[in-house]
Amino acid sequence: MKSSIADLLRQAIDGLPDLDDAPEFASLSTTVERARDPRHGDFASNVAMRLAKAAGRKPRELAAEIIERLPASELVAKVEIAGPGFINFHLGPAAFHREVEAILEQGADYGRGERRDTPRVLLEFVSANPTGPLHVGHGRHAAYGATLGNLLEAAGYPVAREYYVNDAGRQMDILGVSVWLRVLEREGIAIPFPQAGYRGAYIRDIAAAVDAAALAKVTADDVSSGLPADGPDGDKEAHIGALIDRAAELLGEDGFLALRQQALESILDDIRDDLAEFGVVFDRWYSERSLTDEGRIDAALEVLKKRRMLYTKDGATWFRATDFGDEKDRVVVRENGKRTYFASDIAYHYDKRQRGYDHLLDVLGADHHGYVARVRAGLEAMGYAGDDLEVQLVQFVTLYRGGEKMQMSTRSGEFVTLRQLREEVGNDAARFFYVMRSNDQHLDFDLELAKSRSNDNPVYYIQYAHARVASVFRQLAERELEFDAKAGIAALDRAVEPQEKALMSTLSRYPEIIELAASNRAPQHLVHYLRDLANEFHSYYNAHTFIVDDDALRNARLALVTATRHVIGSGLAILGVSAPDSM
RNA sequence: GCGCCCGUAGCUCAGCUGGAUAGAGCACCUGCCUCCUAAGCAGGGGGUCGCAGGUUCGAGUCCUGCCGGGCGCACCA
């Protein structure tokens, strides 16, 4: 609808003689927007004001000329100049009737953007370290990323979703040691648990599933003799480091590897199930360790080396990140010969591009923002555009219970898991609340509010609108009447009530909202839109009866109601929230 | 110290890439079920858009500088 108006404007402006050099308005849709005030019509354009200077004309004069050149359209009832030079479009009823018809025809597809082949988007999100269950912070990443993926797809982009599994490095060793010690503990071999170990209850669960016989042929003394003191008095990092070495020694490299692998798989299974239950599904789980195994890190470093982007200093290999705007150069190979995490990340992002994805969209925690510049630098150094990488940062979540802030501490194991949250408030409320706020805003998540089955809760408000529609149709069937969509569309000119006009106008905004929310990476636009739509539906519901005796009027109203159901259902699906038929 | 994000109604937040008189929800008042689900509707009060400059026909939105809050500044991942 909006693009039709923009098309009309473009035709009018293309013919203007003294405006040949205004290429920045190639995309005129940016100058057309919904009028905020109904008195200003349905759409307004500021294009005359924006072009006035380049044309050396007065805005209102230019506007008048543009209006004169506007091709006739059956959509537009009236065009007028207003204020400093706005061009206001008043659409005729037929324009909205046509949209309602389109919704009924297209159903769930209404509002989707035209499918395109590029850019191919690789959306990476969650990617939580597989060292424990997901907590409420990861939940926000999951909900945001999944919704973003749905939005991008709805807008027409090809999207692949990926979870980067940090299954390499020291944290896996620490995980292995933590499980090992819990296994020994079960076997009656008590060793003080290291400060730097993972002490959550889930470690004990994993330990319980381990075949202990082979691991238990050691004494407490074998394990802990001669270790450097643990924190807080000693060095907890040195302590756990020595424990890791001890584990490899006593279990053998293979034995320790198997233990780590079992722990990793157990945790990954849990994460996978958790996310699947939350409606969050990935196309691929990409193993960090596979980068090493398949030589991709070496390959990436080789590319950098060939491009003279590496140098050696203090025994380490450095990447010239400052050449690409980073604040300092970064180590990729440590003095001890081990590659840094950053080296993996360069290789990973390089691989993403190599696999043919043009646009790399990473959803990261706000605490990772310092990381963006160097990964982008890495891509540029390998010959790709820095803009190929886009990072959306997600701010932290604070849990409240009825206004009371809940303390969370990973160290003590007293964090609320995503699973607990989902069980308490339900998947729908969780998905909804997570994306209700802008991702770069801190989120206060109130458990009581999310759970409340009252009118305080915006999830139910929207779902209720959907359920009400279904209920209307149950009533219709009970009265042995049928909805005739064709007759309804034909009779839409009977829908002249203020609530009907408002509803039609809002329904027709849906495609614009999809586009807006997708391009701004801002699911909250969709949330607010659905709330508005539900609001208008509820108002309509209260003001007028749908199932009336007059066949034409009844079918017209039911056409509107059906269109509302389609759009709410489609919008909720994008949010990953169910659209119930009864509540 | 440097970098990123945030500051809008009593509270929690939107604000469509610079538009016309700044909007929701909650909370607080007043009404509405003989009628398709009252998890609903109708109406009301409530604002120095952190502060100060600047750009512009026009600034909550862009620029600069302050103030306040969060996060980050590893040869950890």
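Residue numbers start from 1 in every chain, and the chains themselves are labelled A, B, ... in the order their sequence lines are given, proteins ahead of strands.
As judged by a 4.0 angstrom heavy-atom cut-off over every strand, A/R531 is placed among residues touching the sugar-phosphate backbone only. At a threshold of 4.0 angstrom between heavy atoms, the contacts of A/A543 with the nucleic acid are absent. Here A/S539 lies in heavy-atom contact (under 4.0 Å) with sugar-phosphate atoms only. Counting any heavy atom pair closer than 4.0 Å across all strands shown, A/A467 reaches a base atom. At the heavy-atom level, A/A522 lies nowhere under 4.0 Å from the strands shown. Nucleic acid contact class of A/Y541 (heavy atoms, under 4.0 Å, all strands): base.
Contact annotation: A/R437 does not reach the phosphate of B/rA14 (side-chain N/O to OP1 or OP2, under 4.0 Å). At the phosphate of B/rA14, OP1 or OP2 sits under 4.0 Å from a side-chain N or O atom of A/Q441. Taking only side-chain nitrogens and oxygens, A/R468 comes nearer than 4.0 Å to OP1 or OP2 of B/rA38. A close approach under 4.0 Å does occur between a side-chain nitrogen or oxygen of A/N535 and OP1 or OP2 of B/rC41.
With sequence neighbours excluded, the residues that form a ring-ring contact (aromatic ring centres under 6.0 Å, His included) with A/F125 are A/F282. Every residue was checked against the ring-ring contact (aromatic ring centres under 6.0 Å, His included) condition with A/H349, not counting sequence neighbours, and none meets it. Remark: A/F89 pairs with no residue by the ring-ring contact (aromatic ring centres under 6.0 Å, His included) rule, at least two apart or across chains. Partners of A/F324 according to the ring-ring contact (aromatic ring centres under 6.0 Å, His included) rule, which considers only residues two or more places apart in sequence or in another chain, do not exist here.
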Shorter than 3.5 Å, N or O on both sides, protein versus nucleotides 73-75 of chain B: list them out with atom names.
residue	atom	partner	partner atom	Å
B/rC73	O2'	A/E327	OE2	3.2
B/rC75	O2	A/E335	N	2.7
B/rC75	N4	A/D314	O	3.2

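Pairing partner, B/rC73: B/rG1, with both Watson-Crick or wobble hydrogen-bond distances short of 3.5 Å.
Taking syn as a glycosidic angle within 90° of 0, B/rU34 does not qualify and is anti.
Distance from the side chain of A/D440 is smallest for B/rC5 among the nucleotides B/rA39, B/rC36, B/rC5. Listed nucleotides B/rA77, B/rA14, B/rC6 differ in distance to A/H525; the shortest reach to its side chain belongs to B/rA14. Residue A/I547 places its side chain closer to B/rC36 than to any other of B/rC36, B/rA77, B/rC4.
Of the residues in residues 550-559 of chain A, not one comes within less than 4.0 Å of RNA chain B through any heavy atom.
With A/F433 as reference, A/F445 is the one residue of A/F445, A/Y144, A/Y400 to meet the ring-ring contact (aromatic ring centres under 6.0 Å, His included) rule.
With values rounded to the nearest 0.5 angstrom, A/L421 atom CG is found 13.0 Å from A/R140 atom CZ.
Where A/R339 and A/H538 meet RNA chain B, the nucleotide closest to each residue was compared, and A/H538 sits on the side nearer the 5' end.
The aromatic rings of A/H442 and A/F396 sit perpendicular, their planes meeting at an angle over 60°, well past the 30° parallel limit.
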